[in-house]
Amino acid sequence: MITKEQKQELISEAAKALAFSYSPYSHYQVGCAVLLADGEIVSGCNVENASFGATVCAERVAIWKAVSEGHKKFVAAAVATKKGWYPCGMCLQVMAEFMNDVPVLIVDQDQNVTETSFKSLFPNSFSPKNF
Ligand code: THU
């Protein structure tokens, strides 16, 4: 369970991260914030590259930042884009490694929020449970 205040903070951190998006090629800005079990929030934005394949999505930046700082328990995520789009398949796969059925908040530029869950976005994920 996450509190209303935590949700609000997660949404605003995702929106803040979007503003740091480095996306000179697609001009598609994405921000992501993840809430960790200890209450900390870590955020990330998409970082593009002139060699397009080297681009990393916002969700993966946020998750990898958190994991590389010693965190492995994720309790919620928020993803902000202009039109409230959903995470790509590659990010869902990375989320599957660390998230079970956590709430995922999809945020648009007017801060409209669609609340879904990781499980409904990726119901039969290939994940650590397969090992
Ligand atoms: N992007 C993300 O950051 N997250 C997603 O889930 C989908 C796509 C980024 C990658 C690239 O910089 C831009 O959006 C267009 O694909």
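Throughout, numbering of the chain's residues begins at 1 and tracks the sequence. Each ligand, and each atom within it, is numbered from 1 in the order the structure gives.
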Any side-chain heavy-atom pair from [X] and [Y] closer than 4.5 angstrom?
X	Y	value
K73	L36	no
F118	L92	yes
M95	V104	yes

Region of S23 that comes within reach of ligand 1 [heavy atoms, distance under 4.0 Å]: neither
Could you tell me whether the side chains of [X] and [Y] share a donor-acceptor contact shorter than 3.5 Å?
X	Y	result
E97	S127	no
S23	S26	no
N49	T55	no

[X] heavy atoms, cut-off 4.0 Å: which ligand 1 atoms fall inside?
X	result
S26	13 (C), 15 (C)
P87	6 (O)
E48	11 (C), 12 (O), 13 (C)
E59	2 (C), 3 (O), 4 (N), 5 (C), 6 (O)
C88	5 (C), 6 (O), 7 (C)

Which residue from A58, G44, C32, P24 reaches closest to atom 3 (O) of ligand 1 through any of its heavy atoms? A58
For atom 16 (O) of ligand 1, decide whether some protein heavy-atom distance is shorter than 4.0 Å. no
Nearest neighbour in protein (non-hydrogen) for atom 14 (O) of ligand 1: Y28 CD2, 3.0 Å
